[in-house]
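Comments concern the structure below.
We use all heavy atoms of the structure for the numbers below, so side chains are in, but hydrogens, waters and symmetry mates are not. In what follows, every chain begins at residue 1, and chains take the letters A, B, ... in the order their sequences are listed.
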Amino acid sequence: MIKAIKGTKDLLPADNPRWRFLEETVRRIFENFNYREIRTPIFEETALFARSIGEETDIVSKEMYTFTDKGGTSITLKPEMTAGVVRAYVEHSLGSQHPVTKLYYISPMFRQERPQAGRFRQFHQFGAEAIGSSSPVLDGEIIQTAYDILKALGLQDLTVKINSLGVPADRENYKQLLRNYLNDKKDKLTEDSRKRFDKNILRIFDSKAESDQELIKNAPMLIDHINDESKNDFEVVKEYLSKVNIPFEVDPKLVRGLDYYTKTTFEIISGKVGSQSALCGGGRYDLLIEQLGGKPTPGVGFAAGMERILLACENENSFTVDEPAIDVYIIRIDKELGLEVSAIASQLRRKNFTVDYDYLQRSVKAQMREANKLNAKYTLFIGGDEYKNGMINLKNMETGEQTNLPINDLSRVIDNLKA
RNA sequence: GUGGGCGUAGCUCAGUUGGUUAGAGCGUCUGGUUGUGGCCCAGAAGGUCGUGGGUUCAAUUCCCAUCGCUCACCCCA
């Protein structure tokens, strides 16, 4: 039997009401903040991701779905959205229409990793990018959209973590400080962290090993070595969050993995989703657009993992959706009625009612059981003496009340349904 | 890439110190009289016991391999 590819999932009819609720919430809140939707292709030239996310990152170096198409171009299924959005922003000169462009998206992403709780090979993110202003107010606003969406979904167990990475020069100076600090402790680090020491020393802060955490406990922190502008901006972000009643923690150890971040970074984590606890993450990327061939333009954004969010919602039982129900189930009493049932169903469907009926010539009892399973609000009995006399019978499934109505005047049936 | 756990009916799971026709609950279907649901009752369908090999008179059970799922590490949403 052929099964879905590892790390991919079918979203079955029973799953989709929850997904739709999530998507509707996302759209509503982004649009309240005047973000407009952007959809970019599912794949891009590989070079786009290599140049933006960074060659040395795990995403680019080992997690991308990359193949060569028949024209010999290296293509990659998008592992994240910022690169594609920025590419589209530059390609279509969106910045020439409004000085600040606020975009949101909902889209599948692809990364070839080992799946685990809250991690998939095809997964879905929503997110936003606000391009064209370096104002830290936008950093705050971006964090607020993410937070407000999670809150609107009913989530409680949330922690907002923020940090500032400063400008690239700050980071380079700081890395040297950290190397000096850790140099004589290097052999006490775990093997993974010794690799980080050489490759990307900041990531030692991400280590989950207690021994590593102990070693870096008293290390110098990047937040203490950023320039004045970054410091001031960070203060504004904190003020903004306080003004809009978003509780947050400054986490100097929050160093995010993608190369393009500058200044503000943030994450919102849940205590309810297992080890992969980040529901969303993002930050400012003031140099990325220039790097991708645009005019120097600052930007800030985030991405949120929808599977993780829904997992958190399930585990917190944070919202419920209505059970699916239909308006009318038509019961065929006589088997020889032919297409009469279909004709009546058709009239009601064209009046915008949700209508279904039996296709298997089953007994009235079986049809009623089906109507009940479908949560039909009404059943319509067609056949027998009534039908010969031009009448049909409408039954309210909740009250059990039944009414005879003339078949050639379906508008009366419709009036009854609307009542 | 590394490590742990688990693979028995559509789903959730029993079971076997190796021994006849492999079970339950839920779900599905049919029925409980002439044309009416939910509750209840009766019956039925549905299983290569993940796959391949080995040990044995005999394997769902023991051993090996393999595939799949899952959780964790790495990293990230």
Side-chain angles (χ1 to χ4, degrees), chain A residues 1-7 9 12 14 53 56-63 78-82 106-127 146 150 190-193 195-196 199-200 203-204 206-209 212 255-258 267-270 273-282 301-312 329-335 337 360 362-388 392-402:
Chain A
M1 183 174 59
I2 296 177
K3 297 202 289 184
I5 300 290
K6 183 203 282 287
K9 239 169 72 176
L12 302 175
I53 301 168
E56 291 302 310
T57 60
D58 278 24
I59 291 180
V60 172
S61 65
K62 57 184 200 195
E63 293 171 2
K78 60 188 174 189
E80 59 109 53
M81 192 72 175
T82 303
I106 299 175
S107 174
M109 306 291 164
F110 305 86
R111 291 182 201 172
Q112 190 161 184
E113 305 179 82
R114 278 280 263 272
Q116 69 184 72
R119 175 191 288 156
F120 306 93
R121 290 186 169 184
Q122 174 173 342
F123 60 105
H124 298 79
Q125 292 185 330
F126 65 81
L150 298 179
T190 57
E191 196 189 327
D192 280 335
S193 284
K195 277 187 203 146
R196 293 182 179 111
K199 221 172 104 185
N200 187 345
R203 289 225 200 110
I204 292 178
D206 284 336
S207 174
K208 288 177 188 171
D212 287 343
V255 292
R256 298 189 48 77
L258 282 52
E267 263 181 19
I268 301 179
I269 65 171
S270 164
V273 294
S275 181
Q276 305 306 319
S277 59
L279 299 186
C280 70
F302 79 95
M306 296 170 76
E307 283 82 359
R308 284 182 193 179
I309 287 169
L310 285 174
L311 181 62
Y329 193 86
I330 303 177
I331 309 287
R332 178 204 312 261
I333 292 167
D334 304 326
K335 296 201 162 132
L337 273 175
L360 300 172
R362 296 200 293 174
S363 67
V364 170
K365 185 195 199 72
Q367 292 179 68
M368 281 303 283
R369 283 183 168 159
E370 184 71 17
N372 193 58
K373 258 194 319 202
L374 293 171
N375 277 320
K377 296 190 195 85
Y378 289 89
T379 45
L380 202 51
F381 291 82
I382 297 179
D385 291 340
E386 281 152 19
Y387 187 70
K388 287 186 194 113
I392 52 180
N393 185 277
L394 182 69
K395 175 171 182 171
N396 180 319
M397 290 294 277
E398 202 183 327
T399 63
E401 187 191 349
Q402 303 193 45

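Rounding to the nearest 0.5 angstrom, the gap separating the CD atom in A:Glu63 from the CZ atom in A:Arg121 is 10.0 Å. Atom OG of residue A:Ser363 and atom NZ of residue A:Lys335 lie 7.5 Å apart, to the nearest 0.5 angstrom. For the atom pair CG (A:Leu374) and OG1 (A:Thr379), the distance works out to 11.5 Å, reported to the nearest 0.5 Å. A distance of 13.5 Å separates CZ of A:Arg308 from CD1 of A:Ile268, quoted to the nearest 0.5 Å. Summarising the geometry, atom CD1 belonging to A:Ile106 is positioned 10.5 Å from atom NE2 belonging to A:His124; distances are rounded to the nearest 0.5 Å.
Residue-to-nucleotide contacts include a donor-acceptor pair under 3.5 Å from the side chain of A:Arg308 to the base of B:rC76. Evaluation of atom-type donor-acceptor distances gives a pair under 3.5 Å for the side chain of A:Gln402 against the base of B:rU36. Side-chain N/O atoms of A:Gln276 and base N/O atoms of B:rC75 include a donor-acceptor pair closer than 3.5 Å. Side-chain atoms of A:Lys365 and base atoms of B:rU36 include no donor and acceptor less than 3.5 Å apart.
Between the C1' atoms of B:rA58 and B:rC62, the separation comes to 13 Å (whole Å). Between the C1' atoms of B:rU16 and B:rU33, the separation comes to 46 Å (whole Å). Comparing the C1' positions of B:rG53 and B:rA42 gives a spacing of 46 Å, expressed to the nearest Å. Rounded to the nearest Å, the gap between the C1' atom of B:rA59 and that of B:rG15 is 15 Å. Atom P of B:rU28 sits at a distance of 42 Å from the matching atom of B:rC64, rounded to the whole Å. Taking atom P on both nucleotides, B:rC11 is separated from B:rG27 by 15 Å, rounded to a whole Å. Distance noted for atom C1' between B:rA14 and B:rG47: 15 Å (whole Å). Comparing the C1' positions of B:rU60 and B:rC6 gives an interatomic distance of 15 Å, to the nearest angstrom.
Base contact: A:Gly118 has a heavy atom under 4.0 Å from a base atom. Residue-level contact check: A:Phe302 touches neither bases nor backbone, having no heavy atom under 4.0 Å from any strand. Counting any heavy atom pair closer than 4.0 Å across all strands shown, A:Ala303 reaches sugar-phosphate atoms only and no base atom. At the heavy-atom level, A:Asp58 lies under 4.0 Å from the strands shown only through sugar-phosphate atoms. Residue contacts for A:Ile333: at a heavy-atom cut-off of 4.0 Å it reaches a base atom on one of the strands shown.
Look at CZ on A:Arg203: it is 15 Å from C1' on B:rC73, rounded to the nearest Å. Between the NZ atom of A:Lys62 and the P atom of B:rC74 there is a distance of 10 Å, rounded to whole Å. Atom pair A:Glu80:CD and B:rC75:C1' shows a separation of 14 Å (rounding to whole Å applied). Taking atom CD of A:Gln112 as the reference point, atom P of B:rC76 lies 17 Å away to the nearest angstrom. For the pair A:Phe381 CZ and B:rU36 P, the computed distance is 8 Å after rounding to whole Å. The nearest whole Å value for the distance from the CD atom in A:Glu267 to the C1' atom in B:rA77 is 9 Å. Atom pair A:Glu63:CD and B:rA77:P shows a separation of 10 Å (rounding to whole Å applied). The nearest whole Å value for the distance from the CG atom in A:Asp385 to the C1' atom in B:rG35 is 10 Å.
Under a 3.5 Å cut-off, the side chain of A:Gln276 and the backbone N or O of A:Gln116 do not form any donor-acceptor pair.
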Exercise. So what is the 5' to 3' dot-bracket string for RNA chain B, if pairs are Watson-Crick or G-U wobble with both distances under 3.5 Å, crossing pairs use [ ] and | means the partner sits on another strand?
Worked result: (((((((..((((.....[...)))).(((((.......))))).....(((((..]....))))))))))))....
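Here A:Lys208 pairs with nothing under the salt bridge (Lys or Arg N to Asp or Glu O under 4.0 Å) rule; sequence neighbours left out. With sequence neighbours excluded, no residue forms a salt bridge (Lys or Arg N to Asp or Glu O under 4.0 Å) with A:Lys6.
No more than 12 heavy-atom neighbours from other residues, nucleotides or ligands sit within 6.0 angstrom of CD1 on A:Ile5.
Between A:Gln125 and B:rC76, a side-chain N or O to OP1/OP2 separation shorter than 4.0 Å is absent. Proximity of A:Lys208 to the phosphate of B:rC73: a side-chain N or O atom is located under 4.0 Å from OP1 or OP2. Considering only side-chain N and O atoms, A:Gln116 lies nowhere under 4.0 angstrom from the phosphate OP1 or OP2 of B:rC71.
The closest side-chain heavy-atom distance from A:Met397 to A:Met368 is below 4.5 Å. You'll find the side chain of A:Glu56 stays beyond 4.5 Å of the side chain of A:Asn200, heavy atoms only. Contact check for A:Arg369 versus A:Lys373: no side-chain heavy atoms found under the 4.5 Å cut-off.
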Report, one pair per line, the protein and nucleotides 66-69 of chain B atoms (nitrogen or oxygen only) whose separation is under 3.5 Å.
{"unit_1": "B:rG68", "atom_1": "O2'", "unit_2": "A:Lys3", "atom_2": "NZ", "d": "3.0"}
{"unit_1": "B:rC69", "atom_1": "OP2", "unit_2": "A:Lys6", "atom_2": "NZ", "d": "3.1"}

Atom pairs under 3.5 Å: protein N/O with N/O of nucleotides 28-30 of chain B:
{"unit_1": "B:rU28", "atom_1": "OP1", "unit_2": "A:Lys373", "atom_2": "NZ", "d": "3.2"}
{"unit_1": "B:rC29", "atom_1": "OP1", "unit_2": "A:Arg362", "atom_2": "NH1", "d": "3.2"}

Interface polar pairs with nucleotides 42-45 of chain B, N/O, under 3.5 angstrom:
none

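When all heavy atoms of A:Gly384 and A:Asp334 are compared, the pair lying nearest together is N-OD2, 2.7 Å. Contact between A:Ser270 and A:Ala312 at its shortest, heavy atoms only, is OG-CB, 3.8 Å.
Mapping A:Ala376 and A:Phe120 onto RNA chain B by nearest heavy atom places A:Ala376 at the nucleotide closer to the 5' end. Mapping A:Gly305 and A:Arg119 onto RNA chain B via the closest heavy atom, the residue that lands nearer the 5' end is A:Arg119.
A:Arg362 and A:Glu370 are joined by a salt bridge, as a carboxylate oxygen and a charged side-chain nitrogen come within less than 4.0 angstrom of each other.
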For this session: Go through the steps for A:Phe120 and A:Phe110 under the test side chain to side chain contact (heavy atoms under 4.5 Å, CB included), then give the verdict.
Result: CA-CA 8 Å; A:Phe120 306 93; A:Phe110 305 86; over 6 Å; no
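Considering A:Ile392, A:Ile333, A:Leu394 as possible partners of A:Phe381, the one that fulfils the side chain to side chain contact (heavy atoms under 4.5 Å, CB included) test is A:Ile333.
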